[in-house]
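For the numbers below, each heavy atom of this structure counts, side chains included, while hydrogens, waters and symmetry mates do not.
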Amino acid sequence: MTRAALLVLADGRFPAGGHAHSGGAEPAVRAGRIRDARDLETFCRGRLHTSGLTAAALAAAAAAGHDPAALDEAADARTPSPALRATARKLGRQLLRAARASWPSPELDALARAFPRGAHQPVVLGLAARAAGLGPEDAAHCVAYETVSGPATAAVRLLSLDPFQATAVLARLAPDMDDVAARAARAAGHGVDALPAASAPLLDITAEQHAAWPVRLFAS
């Protein structure tokens with residue numbers, strides 16, 4: 001295991017396409033639910049403990065060696081929004097390209113053959129972590145961080161929010177990220193059927209609305 005690989009995988013500059021997505025922050029800003037750093041922290045905490053926990057557990061299970069096809073089905077079942085399912089597969093396809101270039105692996109090659117249009121992003125991330133020599137909790141930490149860093153970065157652009165304040169939000173959420181990653185890794189140890197299915201219905205609704213906007217800054 002190499003901790004440096006964890007830094008590479010979690011780095012926002014890793015070419016996995018996440019920079020083009022707001023994680024629901026763009027419609028939340030337009031609706032007035034995110035107006036400042038305090039609102040951003042509330043939004044990120046809610047996202048982390050719902051859809052973030054679900055995604056982290058899927059990634060942890062993939063890193064633990066569970067069947068990626070079964071995990072992809074589980075991800076579909078836990079993603080009621082067609083727009084979010086499409087986004088997850090698009091991000092998964094991009095992440096798989098980057099992961100195969102970074103950590104060549106027969107498992108990643110097999111996933112690319114099985115899902116030519118892209119597997120769900122958390123499943124790909126878990127297999128990428130596995131290929132990089134990382135464990136389930138490492139994969140879960142990557143997802144937990146991504147779950148809150150995406151909206152935080154988007155809020156800086158959408159609100160002209162002070163980047164120091166946005167970074168402070170992430171720092172305050174660090175204990176929550178640790179908690180979610182640990183819970184996700186524990187759940188992954190009990191098999192696919194034991195994975196959490198926490199949801200955030202408002203994120204699903206606004207994702208569908210956002211997908212229909214004729215003009216938007218972020219892809220999702």
Side-chain angles (χ1 to χ4, degrees), residues 10-59 75-95 117-118 120-122 124-125 142-177 180 196-220:
D11 193 334
R13 291 165 294 186
F14 193 72
H19 65 279
H21 298 265
S22 77
E26 186 167 23
V29 167
R30 177 178 287 192
R33 286 188 289 273
I34 299 179
R35 295 161 296 180
D36 52 27
R38 180 178 298 178
D39 292 340
L40 175 63
E41 184 171 346
T42 299
F43 176 88
C44 287
R45 181 172 283 108
R47 188 170 192 261
L48 178 62
H49 286 280
T50 53
S51 58
L53 173 62
T54 300
L58 288 163
D76 251 355
R78 288 161 170 77
T79 312
S81 163
L84 290 181
R85 287 199 297 270
T87 295
R89 292 192 181 282
K90 182 178 181 180
L91 286 170
R93 185 168 64 248
Q94 178 71 11
L95 174 58
R117 295 188 177 183
H120 275 263
Q121 192 262 4
V124 178
L125 191 148
C142 282
V143 172
Y145 178 70
E146 178 184 83
T147 296
V148 296
S149 63
T153 300
V156 171
R157 297 171 62 184
L158 291 163
L159 293 170
S160 296
L161 186 68
D162 184 342
F164 292 99
Q165 291 185 2
T167 301
V169 166
L170 298 181
R172 288 193 295 271
L173 288 172
D176 291 79
M177 286 187 260
V180 164
S199 64
L202 188 57
L203 287 178
D204 296 327
I205 293 168
T206 57
E208 293 300 312
Q209 295 170 343
H210 183 268
W213 291 2
V215 179
R216 57 195 182 196
L217 183 60
F218 290 92
S220 71

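We find the CG-OG1 distance between L161 and T153 to be 10.5 Å, quoted to the nearest 0.5 Å. The CG atom of L170 sits 7.0 Å away from atom SG of C44, with the distance rounded to the nearest 0.5 Å. The CZ atom of R47 lies 12.5 Å from the CG atom of L202; values are rounded to the nearest 0.5 Å. If you take CZ on R216 and OG on S22, they are separated by 10.0 Å, rounding to the nearest 0.5 Å. If you take CZ on F14 and NE2 on H19, they are separated by 13.5 Å, rounding to the nearest 0.5 Å. The CE atom of M177 lies 8.0 Å from the OG atom of S149; values are rounded to the nearest 0.5 Å.
The closest side-chain heavy-atom distance from H21 to F218 is not below 4.5 Å. Side-chain contact check for F43 versus L203: some heavy-atom pair is nearer than 4.5 Å. You'll find the side chain of R85 reaches within 4.5 Å of the side chain of H120, heavy atoms only. Taking the side chain as every heavy atom from C-beta outward, Q209 and P27 never approach each other to under 4.5 Å. A 4.5 Å side-chain heavy-atom check between T54 and S199 finds every atom pair outside the cut-off.
The shortest heavy-atom contact between A59 and L125 is CB-CD2, 4.2 Å. Taking every heavy atom of both residues into account, R89 and G118 meet most closely at NH1-O, 2.9 Å. Residues G23 and P151 approach most closely at O-CG, 4.1 Å, considering heavy atoms. Closest of all the heavy-atom pairs between L95 and A16 is CD1-CB, 3.8 Å. Residues A56 and V180 approach most closely at CB-CG1, 4.3 Å, considering heavy atoms.
Checked by atom type and distance alone, the side chain of R30 never pairs as donor or acceptor with a backbone atom of H210 at under 3.5 Å.
Of the listed residues (V143, L53, V148), just one forms a side chain to side chain contact (heavy atoms under 4.5 Å, CB included) with L48, and that residue is V148.
Pairs passing the salt bridge (charged side-chain N to carboxylate O under 4.0 Å, His left out) check and including a residue from residues 34-43, sequence neighbours excluded, read R35-D39, E41-R45, E41-R172.
No side-chain N or O of Q94 forms a donor-acceptor pair with one of Q121 less than 3.5 Å apart.
Applying the 6.0 Å contact sphere to OH of Y145 captures no more than 12 heavy atoms from other residues, nucleotides or ligands.
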